[in-house]
Amino acid sequence: MAFESLTQKLNDIFKKLRGKGKLSEADVKQAMKEVRLALLEADVNFKVVKDLISKITERAIGQEVMESLTPAQQVIKIVNEELTSLMGSTQSKVDFSKEITIIMLVGLQGSGKTTTAGKLGKLLSKNGKKPLLVAADIYRPAAITQLKIVGEKVGLPVFTMGQQDPVDISKASVDYAKKHNHDVVIIDTAGRLHVDDDLMNELVNISHAVDPSEILLVVDSMTGQDAVNVAEEFNNRLQLTGLILTKLDGDSRGGAALSVKAVTGCPIKYVGMGEKLDDLEIFHPERMASRILGM
Amino acid sequence: KFNKKIDEKTFEELEELLISADVGVSTTQMLIEKLKENSKKITAAEELKSVLKEEIIDLFPKENISLTYPTVMLIVGVNGVGKTTSIGKLANIYKNQGKKVILAAADTFRAAAIDQLEIWGQRVGVDVIKHQEGADPASVLFDALQAGKARKADLIICDTAGRLHTKKNLMEELKKLYRVCQKEYPQANVVSLIVLDATTGQNALIQAKMFKEAVDFSGIILTKLDGTAKGGIVIAIASELGIPVWYIGIGEGINDLHEFNSQDFVDAIFA
Ligand SMILES: Nc1nc2c(ncn2[C@@H]2O[C@H](COP(=O)(O)OP(=O)(O)OP(=O)(O)O)[C@@H](O)[C@H]2O)c(=O)[nH]1
Ligand SMILES: Nc1nc2c(ncn2[C@@H]2O[C@H](COP(=O)(O)OP(=O)(O)OP(=O)(O)O)[C@@H](O)[C@H]2O)c(=O)[nH]1
Ligand SMILES: [K+]
Ligand SMILES: [Mg+2]
Ligand SMILES: [Mg+2]
């Protein structure tokens, strides 16, 4: 299961701490060193780790903790609190306040956007919505066919205009949605690098053209240290409203999840738990935090 | 920045640089320890960097890509890393070397995977052997092997569906594909290659271990190095498993696959 090995490591560290009676400053520092390594091994970004560790250390070395009757318990509590706040504490929902909810899915190549478009469409239609999927990836070989097949599998229509300008496709899809009583439009965009200026501009233009309710960054949960660079750049350019983490059905240590949330401040809204089109779940940060922390 | 005296801070900075390139904690610690040993006489931080680079380069197996024909290449890896795209690029490389190449569309699972490979086949100008979506991958491969023999192909490259290394049944299916190659075309040289995405963190190491067990791959294709990710995890893979990187992917175009050069790779980490 994702996060499992981080959980294991943290538990071992906590166990050692509990084994001690009174804690010295050196004990706390040693434990923090170990927590730092565990987080780095779990792919949490090193800058995020640095901030986190200094925050925890500062709190833990404070007087109340060191002089309390159960110092180890206090330190563990602080680690838990800081990690939980890193994940975000409340579940955040998609904004359905507009007449038509336009959702743009964006992200690096291969992160899972097209599959997620189908999954999200399916999930929302189960909740009584009438989604339209939009094929705005004109670059990847067979991307349009892929979305058509996905749409067919989930029983949703797919708006296509061939290889035309993705901005035009997106605009036209909204008109189509209005005419055909769709209340949700999910735009599948091509994968792109955050440093690809032309393609990043394309996304900005789509976003200006359709004024989406949600711009969700689709992030592969196996991503390493670079996740924060990617997320920061997408967020700077597009003002993301949230994140979708994919491929959590594997054994990734999930550090990208923690890091991306920390640097963008964007909530994780959904998680992809498999290749099948049912495998999308609403994200519950408090559950995830307790899972990571093995609580 | 590194043109200064060496102190504990210098080593810390180097450590951070390696960690941020996804080299991983234990390989980084190993490299830094070694560096401390090897650098006792060094006084300038800049020089320290070259010693560290050498250390890393030494970890990569010194092997050149050498194929004896006919070869069957099985391309494996987790979801979305760039298998199908890399196959298109590989086909182009070998076709340009005058080899006859056939592609096998044995990813019958992912929506439009077959269409995607066909488009690559057309771009490069090589045949693609395919069945319908949902067909048995082993029977697609079987047909491709027969076609390869009949048409005297030098190279048959087999696409496979992306799969997480944690999915036992899917890994078994992959083993079966490997066995089909050996059984149905014993005269051919069977070479598996794993595709790893440079943006992947520490998970790539366990991916490599699990796929190695299943299909005993000979080399790595490291994709998406055109972004800002450094792909440092292949250093850990080289050091722990002794597996060389064969190719790197640096874009989505047909010519964006290059032979791996450890010097360039390491320079990019320190750039
Ligand atoms: N195991 C697993 N695989 C997933 C998940 N989500 C997507 N995938 C797989 O990841 C691969 C890439 O998915 P796509 O939906 O094509 O990704 P994309 O972001 O649209 O890719 P590009 O359009 O090329 O940028 C496919 O093999 C999907 O089946 C998930 O939650 N779990
Ligand atoms: N920037 C960049 N993108 C790449 C590279 N290689 C592949 N891609 C892109 O990554 C995405 C996924 O590539 P695919 O070839 O479909 O990956 P795959 O491993 O076959 O995916 P599945 O079959 O779904 O497991 C596509 O959008 C490719 O264009 C690369 O070297 N650089
Ligand atoms: K990926
Ligand atoms: Mg896509
Ligand atoms: Mg593929």
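The contact list for residues 120-133 of chain B toward chain A, using heavy atoms and a distance under 4.5 Å, reads B:Trp120, B:Arg123, B:Glu133 by residue number. By a heavy-atom distance cut of under 4.5 Å, B:Val25, B:Gln29 are the residues of residues 24-36 of chain B near chain A, going up by number.
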Chi angles and distances behind the salt bridge (Lys or Arg N to Asp or Glu O under 4.0 Å) call for A:Arg36, B:Glu16: CA-CA 12 Å; A:Arg36 173 178 171 268; B:Glu16 264 179 16; 5.7 Å; no
Verdict with reasoning, A:Thr223 to B:Thr200, per side-chain contact (heavy atoms from CB on, under 4.5 Å): CA-CA 4 Å; A:Thr223 316; B:Thr200 307; over 6 Å; no
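Using a 4.5 Å cut-off between heavy atoms, B:Ile233 makes no contact with chain A at all. Proximity to chain B is limited to the side chain of A:Leu108, based on heavy atoms less than 4.5 angstrom apart. In this structure, no portion of A:Lys47 lies under 4.5 Å from any heavy atom of chain B. Residue B:Gln116 touches chain A through both its backbone and its side chain, counting heavy-atom pairs closer than 4.5 Å. With a 4.5 angstrom heavy-atom cutoff, B:Lys167 touches chain A only via side-chain atoms. For A:Arg192, no part sits under 4.5 Å from any heavy atom of chain B, backbone or side chain.
B:Asn203 contributes no side-chain N or O that, together with a main-chain N or O of A:Met222, makes up a donor-acceptor pair within less than 3.5 Å.
Taking chain B as the reference chain and counting heavy-atom pairs below 4.5 Å, the highest number among A:Lys148, A:Lys153, A:Gln146 is found for A:Gln146. Of the listed residues (B:Ala198, B:Gly227, B:Gly88), the greatest number of heavy-atom pairs within a distance under 4.5 Å of chain A belongs to B:Gly227. Between chain A and the residues B:Ile114, B:Thr85, B:Leu164, the largest count of heavy-atom pairs under 4.5 Å involves B:Leu164.
Of all heavy-atom pairs spanning A:Asp249 and B:Thr166, the tightest one is O-OG1, 4.2 Å. Residues A:Ala142 and B:Ile119 come closest through the heavy atom pair N-CD1, 3.5 Å. Summarising the geometry of B:Ala111 relative to A:Val150, their closest heavy-atom pair is CB-CG2, 4.0 Å, with the distance given to 0.1 Å.
To the nearest 0.5 Å, atom CD of residue A:Glu275 and atom CZ of residue B:Arg163 are 8.5 Å apart. To the nearest 0.5 Å, the span separating CG on A:Asp251 from CE on B:Met210 amounts to 8.0 Å. To the nearest 0.5 Å, atoms CD (A:Gln109) and CD (B:Glu252) are separated by 4.0 Å. The CG atom of A:Asp226 sits 7.0 Å away from atom OG1 of B:Thr199, with the distance rounded to the nearest 0.5 Å. Distance CG/B:Asn79 to OG/A:Ser111: 11.5 Å, rounded to 0.5 Å. With rounding to the nearest 0.5 Å, the separation of CG in A:Leu40 from CG in B:Asp22 is 11.0 Å.
No more than 12 heavy atoms of other residues, nucleotides or ligands lie within 6.0 Å of CD in A:Glu152, so this atom counts as exposed by the packing criterion. Taking a 6.0 Å sphere around NZ of A:Lys276, one finds it holds 12 or fewer heavy atoms contributed by other residues, nucleotides or ligands.
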